[in-house]
Amino acid sequence: MASDKGDGLVVGFVGLDDLSLEMAALLIRSGFKLQAFEISEPLVVEFLKLGGIRCASPKEAGKDAVALVVLISHEDQINDVIFGDEGVSKGLQKGTVIILRSTILPSYIQKLEKNLTEDGETAYVVDVYVTKGMSDNDNEKITITSSGRSNAIVKARPFLSAMCQKLFVFEGEVGAGSKSKLVNELLEGIHVIASVEAISLGTKIGIHPWIVYDIISNAAGNSWVFKNHIPQLLRGTAKVDFLNAFIQNLGTVLDMAKMLTFPLPLLSVAHQQLILGYSHAHGDDDSAPLVKVWEKVFGINITDAANLEPYKPEQLADQFTSTSSAVKRVGFIGLGAMGFGMATHLLKSNFCVVGYDVYRPTQIRFENAGGLIANFPAEVSKDVDVLVIMVTNEAQAETVLYGDFGAVSVLPSGATIILSSTVSPGFVSQLERRLQLEGKDLKLVDAPVSGGVKKASTGELTIMASGTDEALRSAGSVLSALSEKLYIIKGGCGAGSGVKTINQLLAGVHIASAAEAMAFGARLGLNTRVLFDIIGSSGGTSWMFENRVPHMLDNDYTPHSALDIFVKDLGIVARESSSQKVPLHVSATAYQLFLAGSAAGWGRQDDAGVVKFYETLSGVKVEGKLPILKKEAVLQTLPSEWPLDPIDDIHRLIQNNSKTLVVLDDDPTGTQTVHDIEVLTEWSVESLVEQFEKRPLCFFILTNSRALSSEKASALIKDICRNLCTASKSVENTEYTVVLRGDSTLRGHFPEARMEADAAVSIVGEMDAWIICPFFLQGGRYTIEDVHYVADSDRLVPAGETEFAKDAAFGYKSSNLREWVEEKTVGHIPASSVASISIQLLRKGGPDAVCELLCSLQKAELKGKSFLCRTAASFVSARIGIIWKAPILPKDLGINKERNGGLIVVGSYVPKTTRQVEELKSQCGQILRSIEVSVDKVAMKSLEEREEEISRTAEMVDILLRARKDTLIMTSRELITGKTASESLEINFKVSSALVEIVRRITTRPRYILAKGGITSSDLATQALEAKRAKIVGQALAGVPLWQLGPESRHPGVPYIVFPGNVGDSNALAEVVRSWARPVRLSSTKELLLNAEKGEYAVGAFNVYNMEGVEAVVAAAEEEYSPAILQIHPSALKQGGIPLVACCISAAEQASVPITVHFDHGTSKPELIEALELGFDSVMVDGSHLSFKDNILYTKYISSLAHSKGLLVEAELGRLSGTEDDLTVEDYEAKLTDVNQAQEFIDETGIDALAVCIGNVHGKYPPSGPNLRLDLLKDLHTLCSKNGVIVVLHGASGLSKELVKGCIERGVRKFNVNTEVRKAYMESLSSPKKDLVHVMASAKEAMKAVVAEKMHLFGSAGKAW
């Protein structure tokens, strides 16, 4: 957003009129110099008075001009003015903006633009339609409607903004300004005839024309034409000459419709009426009063009626209500939407009301509201002073009054009936006569109402009442209670309905004409939302246009007022037209349109649904929602990216510009594109001085201002900026630039009331411009043609149509960023004053072109310009030249083996988060424990209930984290909001503070912490975890920041994942939790042995038989920080069964060091196939008892099955002697491993580990001791290492330390240990114990000591990772 300052630039004018002079005055005030060519001397004189310079030709007017305003009233002028010898095109400098002011057809403008821009460089062309605003808010303001290609609009916007007070823009091809003019003229033409028809009918009915005017101009039937044209008509100041130009203009509209094959029935009829009027004026002076023409057309003397003595209906109402009779009891028939509100309001006004409706549930509702109910109209009417009838139509009124159990027969003498239904004046007059014949002095008040359901319930209706003085006086207190505006209409019963009929005539025509106009605008290719805004400031507007067109734009036909109501009401108009002999051509046509809609089945939909008549016939869509786009298709249509990578240029610029970039982040999620940068969560001067002294390229300050009110957010930003200023002055040669990081889905305070930006400016100084850049690639946020989109899978959804736009505190409607700025600033910054840098300019022009237009941030700052940037996360990384880094995993931080559970906290309420949480629980339910915090209890209930919920949750989470379970804390998903944005923020605060308190009370250090949602992650970091600073390590997933908490926090160094509420698809949260979950096994057997190979140590595989043995191995491994293998022999499996395997697997999963489970010596296919299904990490295929060929076949078969499950396979070549678990191999059966066979064996079987026979034995070695062939071992290791196979040695029990070390030096990486551990277990049993638990403890300690000793011997102690 930048100010429009002329800085002495020249703007030229070719052709002047009164509007041109006002535009020129505005330009001069903005600092522009002006020159003009004009032949009218009076206009030139006025132009010179403003300070402009006169030019001799169009060519001279264009000389040296940066912009040229060209006024063309007819297409014949184009050649001379533009292309003649002294024409505009001859004197243009390159890049001049040509602003065409024209009333010619769009096709001529488009052709002209093509001729002027055919070389692509000469000029930028836009067309404009200039008027004076006609709405109450824009009255007499210069208003410009402009259109042109996006690059031309960007160039022209500063001049357009300077020369008007309200600017509307259609981006695309030129001609849209002229097209919007056609639509406005269509509406004005229809409204003129409708207004004349209304006045004519009212006059014929006998209602004073000025009374009709006074009431309708404040009612739903009002339009700009009615309010402004009718007074001139009634006073005789509107002249006949008005007709000719009007007829010609409407003829142009109809010609365009014909060319587009688009039906305009209402305009066609109105056009014919105007022609008829002009034919009656033939021969008259053009200055004759226009009212005389219409008197001839309609055969009604409007002039005499208008000159009768007027009266004031509201003063009459005051007279009657001030002297009204007391009413003790009111009957009310018809408790529909309007009737129920009226009747209940009478109850609130202390009337005793008895009600009746044919729909029983409504009666019960009324009784619950405090009313009395009756079963029939007659029962309602007994003993009432006043009976109100509020039914749908004349037939229903007839039934409730005179049908079976009708009201009239039981009404007490002197009672008064108020008929508030919309009926014809003739029906009311006839009803009054019938009541007089009853002989009971029954009185009738004709009192139709207007205002809608809401006003009915609050007593704020507009009521037009007529009747005898006595009737009005008796009903006065009831009428007064129901109305905000009460009009007493002279003329007796029927006059009130006459005014209502006139109002409905106009309202119905205005809805239908709005439909015709908007559909025509859509057919012209106009943006219907922009068109709606333009018409709202123009002469074509009406109350119904402004009220009903939004329904059309939203394609929402929820019935606020059903279409069939206007079938009824315009039907009444048609009957009055017939009975009064007044031709009402436009209203009759509108009636037919509503009838057509009802016939099509739309009768119960909203009356704005009449637009479907046009949509169905022509195929256009009025709906003003921006379309959802196919992401890939759109991105492919964009220009190619700028071919030169600017990263080196950025780095050079940064080196030359020593300013530190300080990012004020309104929640922690803004760190989602950077890495190796610090973030501060507090901003004391001392902390900032310490940070500046580090000379960082950039750092973040977490403000969390999105969780605050606007006022508090503003005060906070001022405080931070003040401290930054103080701190920077304390550190020599320190300069900084501030960036405000905001939400990429447009939530937050900025630019709402501009508080955060204004607060920053108030401290750091004025800025040349604000830059808004919510683009965020990693989160799928794209800005294309000024419209901001949010990627959802393969679609691009306009931001204003997303769930984020419905945020209770920061909701919005606009997807176009310029319109969003206007919306959020409540009009303080109009869309017209917001400049934009197009993606075409970015990608085709590159940095220099952007710098020229507005800024390439660093370059422009080096040129002395100052900018305040409000951006999403991508801007920061680009600004400081951050190079992308792959997502961080636990292993990258060295915490993948830590044992405590991870903590996931979800507070965000956006629907995306709810879907992500559901998917998380679905995908990770087996590894995740979930605890739901009741929002109702922590935010809406008593302090005691809140405390109980907090304590319960914190205690449970502590237990689960210690049990090594990843734990999800989530707030209940039912969204509770306040009545106002501030109340919603207060509820958010209570929920967030409860989560803070829960996390604060958790004493267990989590393996990692994931916080979901911006406010949640901020509050947890700063309040619960007491972090004052953190390092941004990178991202856990694209767009998901990963911090490591600072040393002062409660959990120093713990990874803190800041997961935004608006990032990722439904699987994203589950994806991150899965990658950060503690693995079920910390390692595989293959990883253990490969690590041993790299580290040149061995891992012990310890045979276990019971729980004590398992615990001994795990305990020793954890104490010695060593990897280990729990090994089960077939004989042990036979005794211990599946429970033993499960015990080993569970122990491995719960261990804090890498432990795996291995099945040893599988000698048969059945037992090995069973083992493959039991959850082992690895198996040994023992075919040593088979021939070499059979061993290969056997091993190969099992190896194939095991590898398909990801298991390591160990096999034996050769044969060990000795005894293991009752399995004995005699010495004569033993056989050393043959090196020559080993290569073939490895190639054929594909094994991962080879158990070698080099003189080692199972069990005890002979008295002479081991006799190992270490030379053979060396050769085997050389062979195995070439093939990626691990060397394993069974029979490690009894080997000396020297031999063990010698084996390790020669490549053994796995030792099987059994005998010595078993021996320790057996010996522990020899010492008597008091209790079985003591026996278990003693055995465990004995075995643990042996295992620990072996770990040290094997060199695995301290090698857990």
Side-chain angles (χ1 to χ4, degrees), residues 131-141 143 166 183-203 207-239 242-243 246 249-250 266 270 273-274 277 289-291 294 302-303 305-307 310-314 450-451 462 464 484-485 487 489 498-514 517 532-549 573 584 586-587 590:
T131 59
K132 286 198 173 183
M134 297 178 180
S135 68
D136 291 339
N137 293 332
D138 302 317
N139 192 30
E140 293 300 303
K141 288 182 180 178
T143 301
K166 188 144 193 176
V183 177
N184 186 68
E185 287 174 341
L186 175 153
L187 285 164
E188 288 184 0
I190 296 169
H191 293 176
V192 163
I193 298 302
S195 298
V196 173
E197 287 185 357
I199 289 296
S200 298
L201 180 61
T203 302
I207 304 169
H208 198 297
W210 283 108
I211 301 302
V212 171
Y213 174 78
D214 288 342
I215 294 174
I216 299 300
S217 61
N218 289 289
N222 190 31
S223 68
W224 185 90
V225 167
F226 183 89
K227 189 168 187 176
N228 291 275
H229 181 71
I230 290 302
Q232 297 178 40
L233 186 77
L234 296 180
R235 295 187 184 109
T237 56
K239 305 301 180 181
F242 162 84
L243 289 177
F246 209 25
N249 289 342
L250 297 186
L266 288 169
Q273 282 289 80
L274 288 165
L290 183 58
V291 69
W294 298 126
I302 300 171
T303 304
N307 290 331
Y311 63 94
K312 296 194 176 298
E314 289 177 283
S450 178
T462 295
M464 296 146 280
E484 179 183 39
K485 293 180 180 178
Y487 299 104
I489 311 299
V499 175
K500 179 66 185 288
T501 298
I502 295 163
N503 183 74
Q504 296 307 92
L505 178 160
L506 288 165
V509 170
H510 293 162
I511 294 172
S513 64
F532 170 68
D533 291 338
I534 291 169
I535 299 299
S537 296
S538 306
T541 193
S542 66
W543 192 95
M544 280 297 184
F545 180 91
E546 294 179 21
N547 187 267
R548 296 303 202 266
V549 170
V573 172
L584 305 175
V586 166
S587 60

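All heavy atoms count here, side chains included; hydrogens, waters and symmetry mates do not.
Across every non-hydrogen atom of Ala220 and Met544, the tightest pair is O-CG, 3.6 Å. Scanning all heavy atoms of the two residues, the minimum distance from His191 to Gly540 falls at CE1-O, 3.1 Å. Taking every heavy atom of both residues into account, His510 and Ser513 meet most closely at O-OG, 3.1 Å. When all heavy atoms of Ser217 and Phe226 are compared, the closest pair comes out as N-CE2, 4.0 Å. Here the shortest heavy-atom pairing between Val509 and Ala194 reads CG1-CB, 3.7 Å. Heavy-atom minimum distance, Ile199 versus Pro209: CD1-O, 4.0 Å.
With contacts defined as side-chain heavy-atom distances shorter than 4.5 Å, the pair Tyr487/Val499 does not qualify. For the pair Ile230/Leu233, a side-chain contact is recorded, criterion being any heavy-atom separation below 4.5 Å from C-beta on.
Here the CH2 atom belonging to Trp294 is positioned 9.5 Å from the CD1 atom belonging to Ile302, to the nearest 0.5 angstrom. From Ile211, atom CD1 reaches atom OH of Tyr311 across 4.5 Å, with rounding to the nearest 0.5 Å. Taking CG of Leu290 as the reference point, atom CG of Leu243 lies at 5.0 Å (rounded to 0.5 Å). The distance from the OG atom of Ser538 to the CD atom of Glu188 is 8.0 Å, given to the nearest 0.5 Å. Atom NZ of Lys312 sits about 6.5 Å away from atom CG of Asp214, to the nearest 0.5 Å. With values rounded to the nearest 0.5 angstrom, Ile216 atom CD1 is found 13.0 Å from Lys227 atom NZ.
Among Ile489, Asn503, Ile207, the single residue meeting the side-chain contact (heavy atoms from CB on, under 4.5 Å) criterion with Ile215 is Ile489.
Residues meeting the side chain to side chain donor-acceptor pair (under 3.5 Å) test with Ser223, sequence neighbours left out: none. With sequence neighbours excluded, the residues that form a side-chain contact (heavy atoms from CB on, under 4.5 Å) with Glu546 are Thr541. For Ala512, the side-chain contact (heavy atoms from CB on, under 4.5 Å) partners at least two apart in sequence or on another chain are Leu266, Ala590, Leu593, Phe594. Applying the side-chain contact (heavy atoms from CB on, under 4.5 Å) test to Asn307 and every residue at least two apart in sequence or in another chain returns Thr303. Take Phe242 and apply the ring pair (Phe, Tyr, Trp, His ring centres under 6.0 Å) test, not counting sequence neighbours, and it matches His229, Phe246. In this structure, the side-chain contact (heavy atoms from CB on, under 4.5 Å) partners of Trp210, at least two apart in sequence or on a different chain, are His208, Tyr213, Pro231, Leu234, Arg235, Ala306.
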Asn184 and Ile534: side-chain contact (heavy atoms from CB on, under 4.5 Å), yes or no, with the steps?
CA-CA 9 Å; Asn184 186 68; Ile534 291 169; over 6 Å; no
Run the side-chain contact (heavy atoms from CB on, under 4.5 Å) check on Lys141 and Ser537 step by step: do they pass?
CA-CA 10 Å; Lys141 288 182 180 178; Ser537 296; over 6 Å; no
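Asn547 places no side-chain N or O within 3.5 Å of a backbone atom of Trp543 that could act as its donor or acceptor partner. Without hydrogens or angle criteria, Glu197 side chain to Val586 main chain gives a donor-acceptor distance under 3.5 Å.
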